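Report on one structure; see the data block that follows.
Keep in mind that what you see is a predicted model, and the values were worked out from it rather than measured. The sequence lines fix the lettering, A, B, ..., with proteins before strands; numbering per chain opens at 1.
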Protein chains: 2
Amino acid sequence: MATPGARPRRATIFDVAAEANVSRGTVSRMLNGEPYVSDSAREAIEKAIAKVGYVRNMAARNLATQRSKAIALIVHEPHSVFLEDPNIGAILLGTNDRLSEDDYQLVCLIIGSDRDSARIADYLRGGFVDGAVIVSAREHDPIADAIAHIGLPAVFVGHPMSAPEMPYVGIDNRGAARDITRELLSTGRKKIGMIAAALDRDSGSERLAGFRDALGDQFDENLVVDFPLYSRTSGVEGMKALLDRAGDIDGVFAASDALAAGAMDVLRERGRSVPGDIGIVGFDDSDWAMRCQPQLTTVRQPADLLGREAASMVLELVNGITPESPGRILPTEIKLRGSA
Amino acid sequence: MATPGARPRRATIFDVAAEANVSRGTVSRMLNGEPYVSDSAREAIEKAIAKVGYVRNMAARNLATQRSKAIALIVHEPHSVFLEDPNIGAILLGTNDRLSEDDYQLVCLIIGSDRDSARIADYLRGGFVDGAVIVSAREHDPIADAIAHIGLPAVFVGHPMSAPEMPYVGIDNRGAARDITRELLSTGRKKIGMIAAALDRDSGSERLAGFRDALGDQFDENLVVDFPLYSRTSGVEGMKALLDRAGDIDGVFAASDALAAGAMDVLRERGRSVPGDIGIVGFDDSDWAMRCQPQLTTVRQPADLLGREAASMVLELVNGITPESPGRILPTEIKLRGSA
DNA sequence: GCTTAGTGTGTGAACGCTCCCAGAGATTGT
DNA sequence: ACAATCTCTGGGAGCGTTCACACACTAAGC
């Protein structure tokens with residue numbers, strides 16, 4: 001119904017060629033920065049392009065070259081987490097920055113529902129993108145399977161347990177969790193619990209493993225609670241549960257800053273002082289950490305660099321370079337603040 | 001330098017046609033859900049598609065149809081704001097949801113630098129998308145100009161002052177600011193200041209105008225401070241400045257919740273009680289509002305619906321339907337909590 | 001003066017799809 | 001029984017590129 005826009009016909013490479021009195025081959029070579037274009041031709045083409053207002057038709061180019069110069073960023077999170085999790089935003093920006101250096105375009109695909117999953121799998125198959133960066137894949141993620149099946153160059157942020165052979169970039173969640181738990185131990189805490197989350201993801205289960213590593217014999221399964229999401233509300237629930245189980249608990253490792261923030265709210269409500277009565281440490285160094293009172297001792301993870309590195313890797317894959325190692329681990333850093 | 005992937009040649013519509021013993025015309029009709037395809041043909045084609053593993057090549061389709069079934073979401077914000085502002089995420093998700101209902105794909109384009117601007121303008125011209133939703137355009141935004149020039153169907157979230165004739169969806173910032181300021185007045189405050197921000201955007205300047213409306217004669221220019229960004233740090237600075245200018249100030253309208261949160265941190269530090277000594281109201285009803293102590297009285301704006309509505313409008317435009325009114329205003333709601 | 005190599009240019013043939021038209025065959029109306 | 005209509009199908013043309021090849025011209029090299 002009604003012609004869409006009825007925009008004037010766009011100028012094509014033919015128009016430019018005619019205007020510049022050269023052939024389309026020459027125009028194409030010039031456009032692609034290939035050698036063997038004389039100065040006079042170059043100049044005439046530049047003038048002609050400006051005159052007829054030519055811009056490349058990417059659909060045609062994609063069809064002819066069989067590539068799109070676009071990379072997908074696939075985020076698989078329910079809406080609430082997408083909004084709350086600052087890491088995702090930072091990864092997004094890091095990826096975008098790196099891709100733009102090579103004139104690749106980032107295309108964000110958000111999986112909220114199963115319906116999204118199917119459509120996005122089609123999209124990936126459809127040749128719209130040359131590669132993908134996948135954030136926060138779960139175990140048995142249908143998208144991860146689809147990508148493997150299509151054979152699309154892809155890099156995971158985080159190390160998916162269900163596809164350990166795929167290229168990934170991540171942090172040493174286990175080591176970092178171990179280190180920050182030791183930090184908590186070093187303040188003399190005796191009864192330390194953990195609010196864990198997202199055990200269906202590598203980050204979640206590794207952080208728990210690191211916690212266990214640090215505690216060794218002292219590890220008490222009863223002092224670990226876990227939740228599906230790294231959210232503040234889970235932190236609230238988790239802290240309440242821990243206090244119920246052990247009123248004399250004096251240290252808590254929360255698997256994310258948001259969890260820690262929720263936990264601290266509960267403690268404030270119940271009149272327990274932090275770090276006096278109980279020490280708390282988090283993970284992420286997100287803006288939650290700075291907003292807590294006292295500010296949170298936590299693990300800083302370089303989210304933007306994770307994005308950059310993932311982008312670099314996927315570009316390598318797209319260009320047929322096999323990375324020497326399938327995974328890259330970026331360093332983390334403990335940020336000592338007041339909460340422990 | 002190494003063949004990219006060397007993936008096996010993908011099945012085309014020809015392969016399907018051959019396998020099903022029909023012509024590509026019939027396959028195409030079937031794929032596009034057109035009438036006049038016999039049941040036997042349909043069945044044979046379905047089998048053939050499954051057998052050869054066919055998926056449409058979108059680049060080819062786009063070239064033939066001259067449309068892409070994709071809509072761009074253009075976010076023009078420095079990185080820090082992108083990460084902090086919860087509205088952007090909600091708009092993003094709302095837009096994505098609406099588009100997926102019509103099987104359109106959302107493509108996020110983030111403008112961080114000028115370099116991005118140029119590349120994105122090219123991208124938009126390149127025929128990758130059929131339309132665009134633009135979030136947080138500034139005055140004299142180069143992208144807005146580019147879009148107008150290309151003639152791409154576009155809808156703004158917020159009402160850009162430099163392009164008032166463009167379709168947009170927004171809220172009544174001025175009215176809402178007036179209402180919440182009156183709320184503050186109704187608690188008996190006498191000396192009310194405002195921490196304004198982003199005056200180069202409609203949201204910022206309209207909120208200031210609404211504040212002025214509500215105060216009428218009592219308006220005191222000296223009690224207004226303004227900042228470029230709606231950020232917590234601006235709120236900290238702003239509150240300090242206001243206290244310097246008028247130590248007896250007893251009410252503050254912050255143009256965003258993040259600003260209000262910063263202001264409340266300063267007040268806590270200085271030992272002023274909220275809402276006892278001073279009443280504070282914000283704007284956005286973001287998660288900042290719930291995290292403040294006490295929780296913030298604020299204006300709820302339906303960010304996800306803004307996204308949905310913008311998506312609906314751009315889909316109409318793409319389909320050649322001219323919206324009856326150029327702009328749509330969504331209702332806001334005052335959330336009374338404890339801060340005023 | 002004849003090959004050889006290096007530059008620069010033009011053109012046909014894809015790329016994989018949709019659109020459109022011609023036409024076959026079945027069904028209906030008079 | 002013949003025209004008119006409706007349903008379904010096949011295939012040519014075109015979308016705007018890139019790519020590979022053929023060719024023309026120039027400048028050396030022997």
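Contact footprint of chain A on DNA chain C: nucleotides with an atom under 4.0 Å from a non-hydrogen protein atom, first to last in 5' to 3' order, C:dT7 to C:dG16.
Every ring-ring contact (aromatic ring centres under 6.0 Å, His included) that B:F128 has, sequence neighbours left out, goes to B:Y123. In this structure B:D304 satisfies the salt bridge (Lys or Arg N to Asp or Glu O under 4.0 Å) test with no other residue, sequence neighbours excluded. A:D39 meets the salt bridge (Lys or Arg N to Asp or Glu O under 4.0 Å) test with no other residue; sequence neighbours excluded. Not counting sequence neighbours, the partners of A:S312 by the side chain to side chain donor-acceptor pair (under 3.5 Å) test are A:R98. Every residue two or more places apart in sequence or in another chain that forms a side chain to side chain donor-acceptor pair (under 3.5 Å) with A:S40 is listed here: A:S38. In this structure A:Y168 satisfies the ring-ring contact (aromatic ring centres under 6.0 Å, His included) test together with A:H159, sequence neighbours excluded. Taking A:R61 as the reference, nothing meets the salt bridge (Lys or Arg N to Asp or Glu O under 4.0 Å) condition, with sequence neighbours excluded.
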**Asked** Could you write nucleotides 15-27 of chain D as a row of B, S and -, 5' to 3', where a protein heavy atom under 4.0 Å of any base atom gives B, of only sugar-phosphate atoms gives S, and otherwise -?
**Response** BBBBS--------
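Two residues are said to be in side-chain contact when any heavy atoms from C-beta on lie closer than 4.5 Å; A:V155 and A:V169 meet this criterion.
For the helix from C:dC2-D:dG29 to C:dT30-D:dA1, the end axes, each set by the C1' atoms of five terminal pairs, are bent relative to each other by 50° (nearest 10°).
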Can I get a per-line list of side-chain donor-acceptor pairs under 3.5 Å for residues 17-27 of chain A, giving both atom names and the distance, sequence neighbours left out?
{"unit_1": "A:E19", "atom_1": "OE2", "unit_2": "A:K51", "atom_2": "NZ", "d": "3.0"}
{"unit_1": "A:S23", "atom_1": "OG", "unit_2": "A:G25", "atom_2": "N", "d": "3.4"}
{"unit_1": "A:S23", "atom_1": "OG", "unit_2": "A:T26", "atom_2": "N", "d": "3.4"}
{"unit_1": "A:S23", "atom_1": "OG", "unit_2": "A:T26", "atom_2": "OG1", "d": "3.3"}
{"unit_1": "A:T26", "atom_1": "OG1", "unit_2": "A:R29", "atom_2": "NH2", "d": "3.3"}

Under 3.5 Å, which donor-acceptor pairs do the side chains of residues 88-97 of chain A form with other protein atoms, sequence neighbours left out?
{"unit_1": "A:T95", "atom_1": "OG1", "unit_2": "A:I91", "atom_2": "O", "d": "2.8"}
{"unit_1": "A:T95", "atom_1": "OG1", "unit_2": "A:G307", "atom_2": "O", "d": "3.3"}

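Residue B:T26 places none of its side-chain N or O atoms closer than 4.0 Å to OP1 or OP2 of D:dC8.
To the nearest angstrom, C1' of D:dC8 lies 11 Å from CZ of B:R42.
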